[in-house]
Amino acid sequence: MENNTVTIKNLTKTFGSTVAIDNLSLNIEKGKITGLIGADGAGKTTLIRTIIGLLIPDSGEISVLGFDPVTESDKLHGASEDKDDTHSLIGYMPQKFGLYEDLTVMENLELYADLKNVPHDFDKMLEFTSLTPFTDRLAGALSGGMKQKLGLACTLLGTPEFLLLDEPSVGVDPISRRDLMKMVRDMITPETTVLWVTAYLDEAHSFDTAVVMDKGKVIYEGKPHDLAPTTQEFEDKVIDLMGGYKQEESLIAKSYQYNAPEVEYTVEADNLEKRYGNFYAVKNNTFQIKKGEIFGLLGPNGAGKSTSFKMMCGLARPTGGTARIYGYRYPKEP
């Protein structure tokens with residue numbers, strides 16, 4: 001019995017003179033979580049899109065769950081003329097938020113359930129994602145972490161056999177990253193295959209298999225612990241495989257000239273507040289940043305970090321308190 005969900009032989013995909021996938025061969029084992037790692041431009045997203053049939057390869061062979069994603073795409077994606085036979089074998093979550101921001105959480109779930117021809121039974125999904133209190137909130141008004149959870153929830157509807165996640169945890173806080181990981185592990189079956197593209201090597205080290213790509217080629221395929229026993233060592237090994245750190249002078253830093261007024265504090269927030277109706281995005285926030293300091297603003301998604309930045313930059317008007325940049329106050333005094 002075939003033990004691979006995906007079998008790829010000598011795959012090549014080019015865009016003009018750019019070779020995105022270079023004579024690549026790869027097997028993705030059934031029932032395993034495989035982490036796909038590589039620098040920007042390594043070919044990871046192109047590979048995923050080719051696997052699910054969104055891109056047509058220049059040459060080579062691909063088999064996904066026994067089907068050709070180019071000639072038998074309807075069988076993989078449930079595009080059958082029979083309304084009762086539209087179950088998609090594939091669940092794909094793209095890099096960018098792919099849901100409708102002007103629909104609520106519940107409306108997005110209902111829409112995707114209808115598209116996948118599955119029942120409107122979302123209680124378990126909402127519980128896993130902690131989205132139960134936000135079913136009436138517009139998707140565009142969710143925090144980054146909640147958006148990713150909603151996107152993953154819609155992807156998991158119908159329990160697809162093959163789950164492809166293109167960097168689902170990029171831009172979310174560590175707590176939400178763990179939530180996403182737990183959500184996937186708890187909701188898939190032992191037969192589900194997951195291909196998880198990630199920029200976080202600690203994530204990749206926890207998967208069953210790691211595939212490292214560089215310049216359109218696979219440069220490592222195997223168990224993460226076979227490459228290195230610990231996360232830090234794994235990170236160093238992967239970076240070494242991709243050519244190591246480049247010691248180059250920054251041309252931007254070299255040409256940068258710093259001209260600013262002489263003040264004690266570059267940035268000041270005094271009881272800064274931003275309220276949306278009865279909801280406080282930022283409440284009584286006070287801090288000062290001296291010249292030359294690197295100031296870290298930490299917190300989970302929804303904590304108010306981006307809202308604070310927007311108020312400091314004048315992109316959002318505070319509902320209380322003041323912000324000063326180089327002594328200039330916002331909002332301006334009447």
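We count residues from 1, following the sequence as given.
Lys274 pairs by the salt bridge (Lys or Arg N to Asp or Glu O under 4.0 Å) definition with nothing, not counting sequence neighbours. Residues meeting the salt bridge (Lys or Arg N to Asp or Glu O under 4.0 Å) test with Glu262, sequence neighbours left out: Lys291.
Checked against a 6.0 Å centroid threshold, the rings of Tyr265 and Tyr326 do not count as neighbours.
Minimum heavy-atom separation, Ala323 to Met311: CB-O, 4.3 Å. Contact detail for Glu101 and Leu138: the closest heavy-atom pair is O-CB, 3.7 Å. Heavy-atom minimum distance, Val64 versus Leu76: O-CD2, 3.4 Å. Nearest heavy-atom pair, Arg324 versus Thr322, reported as atom, atom and distance to 0.1 Å: NH1-OG1, 3.7 Å. Residue Ala139 comes nearest to Lys147 through the heavy atom pair O-CE, 3.4 Å, listed as atom of the first residue, atom of the second, then distance. Nearest heavy-atom pair across Pro119 and Ala113 is O-CB, 4.2 Å.
Cluster partners of Val212, by chain and number: Ile37, Leu201, Ile219, Tyr220, Leu227, Phe234, Val238, Leu241, Met242. The rule joins Ile, Leu, Val, Met, Phe, Trp and Tyr whenever side-chain heavy atoms lie under 4.5 Å apart.
With respect to the salt-bridge test (charged N to carboxylate O, under 4.0 angstrom), the residues Arg177 and Asp202 qualify.
Within a 6.0 Å sphere centred on CD1 of Ile56, other residues, nucleotides and ligands contribute 12 heavy atoms or fewer. Within 6.0 Å of atom CG in Asp186, more than 12 heavy atoms from other residues, nucleotides or ligands are found, so the atom counts as buried in its surroundings. The number of heavy atoms from other shown groups lying within 6.0 Å of CZ (Arg178) does not exceed 12. Within 6.0 Å of atom NZ in Lys305, more than 12 heavy atoms from other residues, nucleotides or ligands are found, so the atom counts as buried in its surroundings. Heavy atoms of other residues, nucleotides or ligands lying less than 6.0 angstrom from CZ of Phe287 number more than 12.
Within the 4.5 Å cutoff, side-chain heavy atoms of Pro57 are placed close to those of Thr50. Counting only heavy atoms from C-beta outward, the side chains of Ile8 and Asn27 never approach each other to under 4.5 Å. Counting only heavy atoms from C-beta outward, the side chains of Leu11 and Ser25 never approach each other to under 4.5 Å. Side-chain contact between Leu24 and Thr12 is absent, with no heavy atoms from C-beta onward closer than 4.5 Å. Between Ser206 and Met181, the closest side-chain pair of non-hydrogen atoms falls below 4.5 Å. In this structure, the side chains of Ile294 and Ile289 stay at 4.5 Å or more apart for every pair of heavy atoms. When side chains are defined from C-beta on, Leu103 counts as touching Leu111, because their heavy atoms get closer than 4.5 Å. Asp179 has its side chain out of reach of Met183: every pair of non-hydrogen atoms, C-beta onward, lies at least 4.5 Å apart.
Proximity of a side-chain donor or acceptor of Lys44 to a complementary backbone N or O of Gly38 within less than 3.5 Å is detected. A donor-acceptor pair is defined here as one N or O able to donate and one able to accept, closer than 3.5 Å; such a pair exists between the side chain of Asn108 and the backbone of Tyr100. Listed for the Glu107 side chain is a donor-acceptor partner under 3.5 Å among the backbone atoms of Thr104. A distance-only check finds no donor-acceptor pair linking the side chain of Ser73 to the backbone of Val70 [under 3.5 Å]. Put simply, the side chain of Thr193 never gets that close to the backbone of Lys32: no donor and acceptor are under 3.5 Å apart. Using modelled atom types, no side-chain atom of Thr192 and backbone atom of Glu161 make a donor-acceptor pair closer than 3.5 Å. Remark: the backbone N or O of Ile33 is paired with a side-chain donor or acceptor of Asp208 at under 3.5 angstrom. Side-chain atoms of Lys30 do not come within 3.5 Å of backbone N or O of Val6 as any donor-acceptor pair. Panel note: side chain Glu293, backbone Lys290; a donor-acceptor pair is recorded below 3.5 Å. A distance-only check finds no donor-acceptor pair linking the side chain of His77 to the backbone of Pro69 [under 3.5 Å].
Interatomic distance, CG of Leu315 versus CZ of Phe309, reported as 12.0 Å (0.5 Å rounding). In this structure, the separation between CG on Asn117 and OG on Ser88 is 11.5 Å, given to the nearest 0.5 Å. The distance from atom CD1 of Ile51 to atom CG of Leu36, rounded to the nearest 0.5 Å, is 8.0 Å. Of the inter-residue distances, the one linking Leu131 atom CG with Met106 atom CE reads 10.0 Å to the nearest 0.5 angstrom. Residue Thr286 holds its OG1 atom at 4.0 Å from CG of Asn271, rounded to the nearest 0.5 Å.
The residue from Thr209, Thr34, Asn3, Asn4 that alone fulfils the side chain to side chain donor-acceptor pair (under 3.5 Å) condition with Glu29 is Asn3.
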Report task. Go through the steps to decide whether Asp166 and Met93 satisfy the test side-chain contact (heavy atoms from CB on, under 4.5 Å), and finish with yes or no. Result -> CA-CA 6 Å; Asp166 196 353; Met93 182 176 175; over 6 Å; no
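Residues in residues 181-202 take part in these ring-ring contact (aromatic ring centres under 6.0 Å, His included) pairs, two or more places apart or across chains: Trp196-Phe207. Note on residues 61-72: pairs passing salt bridge (charged side-chain N to carboxylate O under 4.0 Å, His left out), not counting sequence neighbours, are Glu72-Lys75.
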Enumerate, atom names and distances included, each donor-acceptor pair closer than 3.5 Å involving a side-chain atom of residues 14-23, sequence neighbours excluded.
from	atom 1	to	atom 2	distance (Å)
Thr14	OG1	Asp58	OD2	2.6
Asp22	OD2	Lys217	NZ	3.3
Asn23	OD1	Asn10	ND2	3.2

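Residues Ser169 and Gln148 have side chains that never bring a donor and an acceptor to within less than 3.5 angstrom of each other.
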